[in-house]
Amino acid sequence: MQSQDNASASGKKTIIEPKVLKGFRDSLPAQEIKKKEIIHALERNFSSYGFVPIDTPVLEYTEVLLGKGGGETDKQIFRFLDNGGREVAMRFDLTVPFARFLALHKNEIVFPFKRFHINKVWRGENPQKGRFREFMQCDFDIVGVDSPSADYEILSMMRSSFDLLGLGNVTFHVAHRGLFNAFLEHLGVSDDSVEVLRTVDKLRKIGSEAVRSQLTDLTGSVEKADDILAYINPKESDGFLARLERLSELAGNEQEHTHRMRTIYSLLEAAGIASQFVLDPSITRGLDYYTGIVYETFLDDLPSIGSVCSGGRYNDLASLYTKDRIPGVGSSIGLDRLLSALEELGSGILTEGSSADVLVVVMEESLRPWYHSVGDALRKLGIRCDVYLADKKISQQFKYAESNHIPFALTCGSDEHDAGTFTLKDLRTRETCSGLSLQQVAQRIRKD
RNA sequence: GUGGAAGUAGUUCAAUGGUAGAGCCCCAGGUUGUGGUCCUGGUUGUUGAGGGUUCGAGUCCCUUCUUCCACCCCA
């Protein structure tokens, strides 16, 4: 604003186009308030399980993020030389930095260690529906212990998280990577296991027939392709345990992983939440570091959006950075995708994002000091209070409140000032109540 | 990275190759010790950007950017 004079003095001012980068976006208050609400709800839930928050730097050494292999040119990560000539990269997930974090701080951490991490990550891939170059990820993991209890607790926390977001209609599809690998070994195709896993992972997307032909190409055998399809397509009628037994048989009566899954399931049953968990052997997760249980989460009311929370057990994640073996199990919520799902489903959890509980209307400019003191008094009573800051007509002030979804207005003039009473107006019903004390005002607002 | 569609006011959309418009929003004013109606007036555009064809381009052609959709990929 101040620069306008300078600009006119020097003729035309050059305007810089206020654009944002491809795949990046601003978040306006209406959006940001909702996002923060979700995050707070999740944080409260995680804390209630004894999880603690951590953070890691946005930038890491490129070699740390890419790992030793680092051969793949496709890695779509933001990387550059910093001013000191260091090769740096922006984190593309929260898991790899966490592994580095564990290796570095393993002696300062008490295991089992339960942490959550909600923050932004960056990937340079092409943006499309629900996929951006900058997005929020929400990770929660238990490391330092390889037990069914830990596996169960992550699942339990996933369920309670969706429940408290008003998304009770979710189904968790779980499988076991170790069991699947045992099956592939039994079948004699373990050499191609990574490719097979990736192909199987596409089942939901490209369908049975396409997967079958791809598997045939991959294994060079129609029989083997059909065997794999038989593994990943369980009978509809079978329940969790019946499916598990069948998978175990197909894997040559595999015992260890089968037993683990049985134990996890019994924990889910004991908690009374087993019905929301489906054994779905087609879930593999494309990532190759998973070794145990893996899972993806689908909204029953909006399956088209895909998985909104996925993860699994990895028993050698930190091995890139330390000789110590640090087992872990964790899960990750795609917050942006979840938020768009909540909006599409019209979830009641998302309020309209009010900036304050009450607006103190400035009826008379001369009373402005008093209005400010009333605001302070209400804040001390725990009320979010907005005192109108400009010199505008009352109608404008009401419009301001409406635009910001502020539910109440305090409309007091000299009469109230002299009498020491307050008039509160409910802006939604337009009901006005006069002669209130400040405590009564706070009480009415709180009751809302 | 590959392919398809689309970009016009803050927003939603118009405009046979012939002067860029409307609704909503926004702003100012009128009326009112308390805003939803009403009245008056007003702002808003390098038609995403750059080039070309044409007497003339929002419209046709090329390039580029962005968005959306699909593929690839998803550590």
Side-chain angles (χ1 to χ4, degrees), chain A residues 12 14-15 17-25 28 60 62 64-77 79 89-100 121-133 135 137 139 194-195 197-199 201-202 205-206 210 284-290 296 304 306-307 310-312 314 316-320 330 332 334 337 340 359-364 367 388 390 392-404 406 408-418 422-434:
Chain A
K12 286 219 167 163
T14 311
I15 301 284
E17 190 187 341
K19 59 189 175 185
V20 296
L21 281 166
K22 175 193 183 108
F24 290 71
R25 63 235 156 104
L28 272 66
E60 297 264 8
T62 305
V64 167
L65 285 192
L66 285 184
K68 288 169 194 153
E72 301 224 12
T73 51
D74 258 45
K75 305 277 191 189
Q76 293 179 318
I77 68 174
R79 51 188 293 187
M90 296 170 82
R91 64 178 176 220
F92 51 82
D93 73 1
L94 299 176
T95 310
V96 171
F98 182 46
R100 194 271 305 146
V121 300
W122 295 266
R123 295 184 192 179
E125 62 194 343
N126 253 354
Q128 53 174 288
K129 179 87 168 176
R131 307 184 70 172
F132 306 94
R133 290 189 165 180
F135 57 97
Q137 207 155 295
D139 275 33
V194 173
E195 279 306 309
L197 286 168
R198 258 187 208 152
T199 308
D201 205 37
K202 293 186 211 162
K205 209 168 184 179
I206 63 177
T284 65
R285 309 289 296 124
L287 320 184
D288 51 10
Y289 57 62
Y290 290 114
E296 296 193 0
S304 61
S307 175
S310 52
Y314 42 84
D316 45 13
L317 184 68
S319 63
L320 273 177
S332 180
R337 200 182 273 193
S340 59
L359 174 72
V360 176
V361 175
V362 176
M363 307 286 285
E364 294 172 37
L367 292 176
Y388 196 75
K392 290 273 175 83
K393 292 188 300 187
I394 292 164
S395 65
Q396 301 278 358
Q397 301 192 36
F398 281 121
K399 274 187 182 164
Y400 169 86
E402 190 177 39
S403 299
N404 288 301
I406 300 173
F408 291 98
L410 207 56
T411 55
C412 311
S414 49
D415 292 354
E416 284 88 348
H417 173 255
D418 295 344
F422 299 90
T423 300
L424 186 69
K425 176 162 180 156
D426 187 324
L427 295 174
R428 294 154 304 184
T429 61
R430 307 211 169 195
E431 282 173 299
T432 306
C433 192
S434 309

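Chain letters run A, B, ... following the sequence lines, proteins first, then strands; residues in each count from 1.
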Nearest-Å distance, [atom1] ([X]) to [atom2] ([N])?
X        : N      : atom1 : atom2 : result
A/Arg25  : B/rU67 : CZ    : P     : 11 Å
A/Phe24  : B/rC65 : CZ    : C1'   : 16 Å
A/Lys393 : B/rG29 : NZ    : P     : 6 Å
A/Ile394 : B/rG29 : CD1   : P     : 14 Å
A/Arg131 : B/rC73 : CZ    : C1'   : 7 Å
A/Arg123 : B/rG1  : CZ    : P     : 18 Å
A/Lys19  : B/rU64 : NZ    : C1'   : 11 Å
A/Lys22  : B/rG7  : NZ    : P     : 18 Å

Identified pairing partner of [N], criterion: Watson-Crick or G-U wobble below 3.5 Å:
N      : answer
B/rG1  : B/rC71
B/rA49 : B/rU63
B/rC25 : none
B/rA20 : none

Using the [atom1] atom on both, measure [N] against [M] and round to a whole Å.
N      : M      : atom1 : value
B/rC26 : B/rG10 : P     : 15 Å
B/rU12 : B/rC68 : P     : 14 Å
B/rU37 : B/rG51 : P     : 46 Å
B/rC25 : B/rG36 : C1'   : 16 Å
B/rU47 : B/rA57 : P     : 12 Å
B/rU44 : B/rC39 : P     : 23 Å
B/rA9  : B/rA14 : P     : 13 Å
B/rC13 : B/rG45 : C1'   : 15 Å

For residues [X] and [Y], report the shortest heavy-atom separation together with the two atoms involved.
X        : Y        : value
A/Met90  : A/Leu65  : O-CD1, 3.5 Å
A/Arg133 : A/Gly124 : NH2-O, 3.4 Å
A/Gly413 : A/Leu367 : C-CD1, 3.7 Å

B/rC74 phosphate, OP1 or OP2: any side-chain N/O from A/Arg198 under 4.0 angstrom? yes
A/Lys392 side chain N/O closer than 4.0 Å to the phosphate oxygens (OP1, OP2) of B/rA28? yes
From A/Glu402 atom CD to A/Leu427 atom CG, the distance as rounded to the nearest 0.5 Å: 8.0 Å
For the CZ atom of A/Arg100 and the CD atom of A/Glu60, what is their distance to the nearest 0.5 Å? 4.0 Å
Residue closer to the 5' end of RNA chain B, A/Asp415 versus A/Arg430 (nearest nucleotide): A/Asp415
Nearest-nucleotide comparison on RNA chain B, the residue closer to the 5′ end among A/Lys425 and A/Ser403: A/Ser403
Reckon [X] touches a base, only the sugar-phosphate, or nothing at all at heavy-atom distances under 4.0 Å?
X        : answer
A/Gly23  : sugar-phosphate
A/Gln396 : sugar-phosphate
A/Glu431 : nothing
A/Leu427 : base
A/Tyr289 : sugar-phosphate

Answer yes if the ring centres of A/Tyr388 and A/Tyr400 are under 6.0 angstrom apart, and no otherwise. yes
Is it the case that the base of B/rG33 and the side chain of A/Glu416 share a donor-acceptor contact (distance under 3.5 Å, atom types as modelled)? yes
Does A/Arg123 use its side chain to pair, donor to acceptor, with the backbone of A/Phe92 at less than 3.5 Å? yes
